[in-house]
Every structure is written in C-alpha cells, then in structure tokens.
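All remarks here apply to the structure that follows.
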Number of protein chains: 2
Amino acid sequence: MTVTAEARRAQDKVVYNAFMAACPTRQVLATIADKWAALLITALADGSQRHSELARTVAGVSQKMLTQTLRVLERDGVIARTVTASVPVRVDYELTDLGESLMPILGALKTWSETHIREIMAARDEYEARELVA
Amino acid sequence: MTVTAEARRAQDKVVYNAFMAACPTRQVLATIADKWAALLITALADGSQRHSELARTVAGVSQKMLTQTLRVLERDGVIARTVTASVPVRVDYELTDLGESLMPILGALKTWSETHIREIMAARDEYEARELVA
DNA sequence: CGGTATCCCGGTGGATACTG
DNA sequence: CAGTATCCACCGGGATACCG
C-alpha cells in the first residue's frame, strides 16, 4: 500500500525532525563544528581580536564566511562583538564566559587529534590499499 | 598591480591549503562532526549493531548517508565492519579501540551541550529580539 | 575598516529504483 | 539484508563589487 508507506515515511520524518531539533549535541555541533567556527574560537582563546586580525589569523577564510561565522557565534552567545565608533570603525571580538567554557572540550579534541592522527592516516592508507585489490 | 595581488591570493591559498591539510583537528572534525557521524559513533558505543539496526537507531538517516558515513568511519579506523556470509548477508559494525578512545570527548561534548543548551537558546532569543529593533 | 549584496559553481544529501 | 546507482534540489561557500 503506497499511501500508508508514504504516510509512514512522512511520520518518520516528523519524529526525526523533532528528535534533531531537541538534541542539544546536534545544536552545539552545528554551531561549533562547521568549517570555520572551531578555528575562530581557538583564535580568540588567546584574547580578543579585531575583525582584520582574525582574517589574518585564520588565513584562508573569505570575508563572507568570516563575518557569517562570527555572526552565528555571536548569536549563540559564544563570542561578544564590540563596536568602537571611530574613524575608521573598530570592531573587536572576544569569547564570552560561555565561549570560554568550551575551551576544555576543544582542547581535549585537539589533544586527541594530535595523538591519534597517525592512526587515522594509517587506517586510511590501509583502506586505500585494500581498495586497490578489489 | 593586479598581477601581484592575484599572485598573493594564490599564494595565500597554497599556504592555507597546506595549513588545512596539516591540521589534525580539522581532519578529525571532518570525520566525526558531520551530520551523522557523531550519532553513529554514539549509537555504537553500547555495542555492535547491524546495518539495519543502525538505520532504526539513528532514525531519519537515508540509506545512502548511512552507508556513506559508515564507510568514512571505517576508512578512518573508527569502526570495524564485519561481513558474515549467510543468506541473507549479515553485516555488523562496532567501534574499534580508536573509536572507543573517542567516547570520552563525545561524552564531554554531550554533557557540555546539555548543560549549556539553555544559555545558547537564550542568547539566540535575545539576538533575535535585538534584530527586530533594527 | 568592516561589512553587505550578488552571482554562481560544486558538493551534500535526499528520493527512488535496482542488484547480489 | 545490505549495498549501489542515478537523478536532482538545495545550499555552502568562494569571487567580486559596492556601501557607511
């Protein structure tokens, strides 16, 4: 019965969406685990930086993504944006307490990554090697 | 001078790419922080599961993304795939030692998320409120 | 200086159908 | 059951140009 199958899938989707929306970890990952966020947070761990400083610190980020990512982090209360009305304008970004509290986790992740990256690379090489046989 | 500006940007890009490729944390985030990976790893934390079990546990994932994500995790040595040649075929997935070693971090992330999700939500609401004024 | 606005390409990921 | 293949809509994100 096609109709009920479709209905079932639609229902699954609703349940799934509710699940996704409710899952705090997903929310947090969505905020801090995208292409630039973790890098920016880490960059700000050492102290506040101006927009242009961040652009240099996190080399390779485009204007657009820098601003966009900063907005999301500001929106979620991880960083604070301070505008100083001078000529030219000066904008500083710094971690909030919430942002600071994230550092231990990012630190642990960094440590784990540096410790295990070789294993991962080795696993990849091995996997590639097996692929060549097939 | 347009030429040098372009050359500069190209050079920045090379430096950036090298930086990205060399950064272990980025590699790890690319592996575990995508839409489904963290969910799958967490699902396997309680013990091995079959392909179809995972599909049910992580409700909402498509066949394609389930298989694709499992492949990446297998490739990076985070999970192990075991095929039992029977009829029908049986495929089990389980965490490797490397995958297990990831759990404390994922656990910490989960704890942090559950602890601070309210603050994040509050920050968002406040941000939205400010937006309305402007 | 610190942004917006616009264009557009490529990759992500969902839906569907088919295979061993 | 587990996986592959195809098609396609969507949007992430880079390049560029323009504003306050």
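Side chains are part of it too, since the values below use all heavy atoms of this structure and drop only hydrogens, waters and symmetry mates. Note on naming: letters A, B, ... go to the chains in the order of the sequence lines (proteins, then strands), and numbering restarts at 1 for each one. All values reported here derive from a predicted model rather than from experimental measurement.
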message = If hydrophobic clusters are built by linking Ile, Leu, Val, Met, Phe, Trp and Tyr wherever their side-chain heavy atoms come under 4.5 Å apart, do B:V72 and A:L29 end up in the same one?
response = no

Residues passing the side-chain hydrogen bond (donor to acceptor under 3.5 Å, both in side chains) test with B:R90, sequence neighbours excluded, are B:D92

Tabulated below should be each protein N or O lying under 3.5 Å from an N or O of nucleotides 17-20 of chain C; please produce it.
none

Rounding to the nearest 10°, end axes of the helix from C:dC1-D:dG20 to C:dG20-D:dC1 built from five pairs each make an angle of 40°

Sorted by chain and number, sequence neighbours left out, salt bridge (charged side-chain N to carboxylate O under 4.0 Å, His left out) with A:R81 holds for none

In whole angstroms, the gap separating P of D:dA2 from CD of B:E53 amounts to 8 Å

Return a table of donor-acceptor pairs under 3.5 angstrom between the side chains of residues 37-55 of chain A and protein atoms on other chains or two or more places apart.
from	atom 1	to	atom 2	distance (Å)
A:T42	OG1	A:A38	O	2.7
A:Q49	NE2	A:T57	OG1	2.8
A:E53	OE1	A:R50	N	2.6

inquiry  = Please tell me whether B:L70 and B:L106 are part of a single hydrophobic cluster in this structure, the criterion being side-chain heavy atoms less than 4.5 Å apart.
reply    = yes

**Prompt:** At under 4.0 Å, does any side-chain N or O of B:Y93 touch on OP1 or OP2 of D:dG3?
**Reply:** yes

**Prompt:** Between the side chain of B:S86 and the main-chain N/O of B:P88, is any donor-acceptor distance below 3.5 Å?
**Reply:** yes

Are B:V28 and A:I120 close enough that some pair of their side-chain heavy atoms sits under 4.5 Å apart?
yes

Let me have the donor-acceptor pairs involving side chains of residues 94-104 of chain B, under 3.5 Å, with sequence neighbours excluded, atom names and distances please.
from	atom 1	to	atom 2	distance (Å)
B:T96	OG1	B:G77	O	2.6
B:T96	OG1	B:V78	O	3.0
B:T96	OG1	B:L98	N	3.3
B:T96	OG1	B:G99	N	3.1
B:S101	OG	A:W112	NE1	3.0
B:S101	OG	B:L98	O	2.6

Tell me whether the OP1 or OP2 atom of C:dG2 has a side-chain N or O from A:R90 closer than 4.0 Å. no

Does B:S52 place a side-chain N or O at less than 4.0 Å from the phosphate oxygens OP1/OP2 of D:dA2? yes

Contacts of B:E119 meeting salt bridge (charged side-chain N to carboxylate O under 4.0 Å, His left out) (sequence neighbours excluded), chain-then-number -> none

The complete set of ring pair (Phe, Tyr, Trp, His ring centres under 6.0 Å) pairs with one or both residues in residues 74-106 of chain B, sequence neighbours excluded, reads none

| task | Establish, with yes or no, whether the OP1 or OP2 oxygen of D:dA2 is under 4.0 angstrom from a side-chain nitrogen or oxygen of B:R50. | result | yes

When rounded to whole Å, the CG to C1' distance for the pair A:L40 and C:dG2 reads 15 Å

Please list, pair by pair, any protein nitrogen or oxygen found under 3.5 Å from a nitrogen or oxygen in nucleotides 7-13 of chain C.
from	atom 1	to	atom 2	distance (Å)
C:dG13	N7	B:K64	NZ	2.6

Residues of residues 71-81 of chain A with a heavy atom under 4.0 Å from any atom of DNA chain C, listed by number, are A:R71, A:R81

So the salt bridge (Lys or Arg N to Asp or Glu O under 4.0 Å) pairs with at least one residue in residues 67-77 of chain B (sequence neighbours excluded) are A:R124-B:D76, A:E128-B:R75

With sequence neighbours left out, the residues meeting side-chain hydrogen bond (donor to acceptor under 3.5 Å, both in side chains) with A:Q63 are none

*Are B:W36 and B:V91 connected, step by step, through hydrophobic side chains (Ile, Leu, Val, Met, Phe, Trp, Tyr) whose heavy atoms are closer than 4.5 Å?*
yes

When rounded to whole Å, the CG to P distance for the pair B:L66 and C:dG14 reads 11 Å

